[in-house]
Asks: 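There's a structure below that I have some questions on.
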Number of protein chains: 2
Amino acid sequence: MSVPGSDTVPRGRRVPRPSGDDRELAILATAERLLADRPLSAISVDDLARGAGISRPTFYFYFASKDAVLLSLLDRVVAEADAATLDAALLPVAGPREGWRQAITTYFETFRAHRALTLAWAEARSTNAEVRDLWARVFHDWSQRCAAAIEAERARGAAPPGPPARDLAVLLNSMNERALYATFSGDGPAVDESTVVDVLLEVWLRTIYGTAPAD
Amino acid sequence: MSVPGSDTVPRGRRVPRPSGDDRELAILATAERLLADRPLSAISVDDLARGAGISRPTFYFYFASKDAVLLSLLDRVVAEADAATLDAALLPVAGPREGWRQAITTYFETFRAHRALTLAWAEARSTNAEVRDLWARVFHDWSQRCAAAIEAERARGAAPPGPPARDLAVLLNSMNERALYATFSGDGPAVDESTVVDVLLEVWLRTIYGTAPAD
DNA sequence: GAACGAGTCAACACGGTGTTGAGAAACGGC
DNA sequence: GCCGTTTCTCAACACCGTGTTGACTCGTTC
């Protein structure tokens with residue numbers, strides 16, 4: 001429980017001994033496989049255990065719960081996403097359009113590569129506090145980086161003043177999150193997967209570099 | 001199951017006979033009361049039944065499930081939200097800023113008035129297809145109205161051309177949805193409740209009336 | 001070869017959902 | 001008043017998913 005910020009502590013229960021490592025990996029692999037064609041809520045601990053060739057009680061030897069398996073999987077994706085950092089220094093060089101396109105595309109590709117996991121993540125977020133905290137951390141980091149980039153653009157005179165950069169960053173990232181979820185999940189109105197990055201980029205550029213009419 | 005578009009059919013089971021009406025209302029009231037201080041997943045059918053002064057099997061006489069109660073409550077809010085329609089003709093008269101501010105404020109106030117329900121809604125959407133469909137319908141209607149307003153603004157020369165109006169409408173509404181959820185729920189980074197409408201409005205105006213830099 | 005710890009699982013306890021079948025209570029017709 | 005029908009109610013049940021317990025196996029180590 002808690003200590004949401006702590007890292008590098010393995011999510012698996014106790015010390016995962018070498019010999020049982022395969023089992024642990026088998027559970028993780030099973031989870032990702034099953035998530036590919038049904039939501040987390042439709043997968044039981046028994047499904048995971050059987051899929052990994054063990055009994056249900058044995059599952060609990062490796063993970064504290066179904067959600068712990070998901071968190072373990074998410075930790076990896078987060079590490080991946082963290083690596084793909086937004087380089088604010090890139091904007092003046094590559095030009096705003098290309099710089100921001102790259103940032104949005106990276107975000108998009110990272111989650112598209114783990115579509116099933118992304119959807120399960122969103123699902124678990126509403127019921128599991130640890131998942132919620134992990135996402136909040138990721139979202140916060142990402143927004144902060146965007147806010148810094150917006151401020152840098154304003155400082156060098158490339159972007160006009162406006163609402164607090166932090167607020168704009170939070171809103172634009174909220175849009176990306178929700179829009180990509182809609183696009184990936186396919187339920188409800190969404191922008192087509194082939195054009196969503198372009199339209200998102202246009203909204204970002206107009207929001208950061210444009211101005212509202214004087215009325 | 002299914003037939004998601006059908007309306008005006010009461011969500012309660014069978015024909016709600018006059019004498020049992022109080023019970024049905026008691027269940028709905030209990031649900032809204034309990035949702036005010038804990039999430040839907042932490043409320044059992046038994047809680048609802050006891051809260052309404054009946055036994056669990058009796059609950060099933062009135063509603064097919066816990067989710068049916070939520071849907072019944074949502075139907076009302078949806079009716080309320082539908083009434084608060086975006087009047088596209090208002091924009092040329094009141095001016096873009098005031099016209100759009102009114103639309104966003106209405107949306108904001110409608111859901112803020114039913115904060116607990118809004119959060120429960122978001123939670124149930126990930127597991128219940130009917131809730132998902134109902135939301136998709138609301139979101140679709142709203143986006144369509146916004147798209148029409150954007151097109152009207154472009155037609156009268158007030159807004160410059162850009163990405164398909166429908167795509168912009170979907171993205172901007174996605175932003176509003178996610179941002180308001182974050183603001184109401186209070187977990188994760190969010191824009192403060194007192195300023196969120198202003199910042200949202202600024203993003204909308206810049207997106208609809210502004211242009212991106214030529215690079 | 002005894003002691004130990006990692007790994008395994010049958011069996012259990014518990015809590016939630018949704019159903020059944022047997023009635024009580026309300027009401028209209030005669 | 002009494003009878004039949006419809007509405008309403010709930011004890012008891014069947015089922016499923018979670019998480020725990022305690023005993024047992026098996027490889028390692030001294």
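Everything numeric here is computed off the predicted structure, so don't read it as measured data. In what follows, every chain begins at residue 1, and chains take the letters A, B, ... in the order their sequences are listed.
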Asks: Looking at A/Arg125 and A/Glu177, is any side-chain nitrogen of the basic one under 4.0 Å from a carboxylate oxygen of the acidic one?
Replies: yes

Asks: Which whole-number value in Å describes the distance from B/Phe63 CZ to D/dC8 P?
Replies: 13 Å

Asks: Can you tell me how far P of C/dG16 sits from CZ of B/Arg50, to the nearest Å?
Replies: 11 Å

Asks: Could you state the atom-to-atom distance from CG of A/Asp46 to P of C/dC9 in whole Å?
Replies: 12 Å

Asks: Could you pull out the closest heavy-atom pair between B/Ala149 and B/Trp100, with the gap in Å?
Replies: CB-CH2, 3.7 Å

Asks: What are the two closest heavy atoms between B/Ala42 and B/Asp47, and how far apart are they?
Replies: O-OD2, 3.9 Å

Asks: State which of D/dT20, D/dC10, C/dC9 makes the closest approach to the side chain of B/Ser55.
Replies: D/dC10

Asks: What nucleotide, of C/dG7, D/dG19, C/dG18, holds the atom closest to the side chain of B/Tyr60?
Replies: C/dG18

Asks: Check DNA chain C against residues 29-45 of chain A and give the residues with a non-hydrogen atom under 4.0 Å, in numerical order.
Replies: none

Asks: Test of understanding: with salt bridge (Lys or Arg N to Asp or Glu O under 4.0 Å), list the residues that count as partners of A/Glu151, not counting sequence neighbours.
Replies: none

Asks: Over how many whole Å does the gap from A/Phe59 atom CZ to D/dG17 atom P extend?
Replies: 14 Å

Asks: Please work out whether the ring planes of A/Trp121 and A/Trp135 are parallel, tilted or perpendicular, with thresholds of 30° and 60°.
Replies: perpendicular

Asks: Could you please name the option among C/dC9, D/dC8, D/dA11 that lies closest to any side-chain atom of B/Pro57?
Replies: D/dA11

Asks: Expressed in angstrom and rounded to an integer, what is the separation of B/Tyr62 atom OH from C/dT17 atom C1'?
Replies: 20 Å

Asks: With a 4.0 Å limit, can you tell me whether B/Thr58 has a side-chain N or O closer than that to the phosphate oxygens OP1/OP2 of D/dC8?
Replies: no

Asks: What's the CZ-C1' distance between B/Phe61 and C/dG21, to the nearest Å?
Replies: 15 Å

Asks: Whole-Å distance between C/dA6 C1' and A/Glu24 CD?
Replies: 14 Å

Asks: Hey, does B/Arg50 have a side-chain heavy atom less than 4.5 Å from the side chain of B/Asp46?
Replies: yes

Asks: For the pair made of CD1 in B/Ile54 and P in C/dG18, what is the distance, rounded to whole Å?
Replies: 15 Å

Asks: Using modelled atom types only, decide if a donor and an acceptor are shared between the side chain of B/Thr106 and the backbone of B/Gln102 within a distance under 3.5 Å.
Replies: yes

Asks: Could a donor-acceptor pair under 3.5 angstrom be found where the side chain of A/Arg56 meets the base of D/dG17?
Replies: no

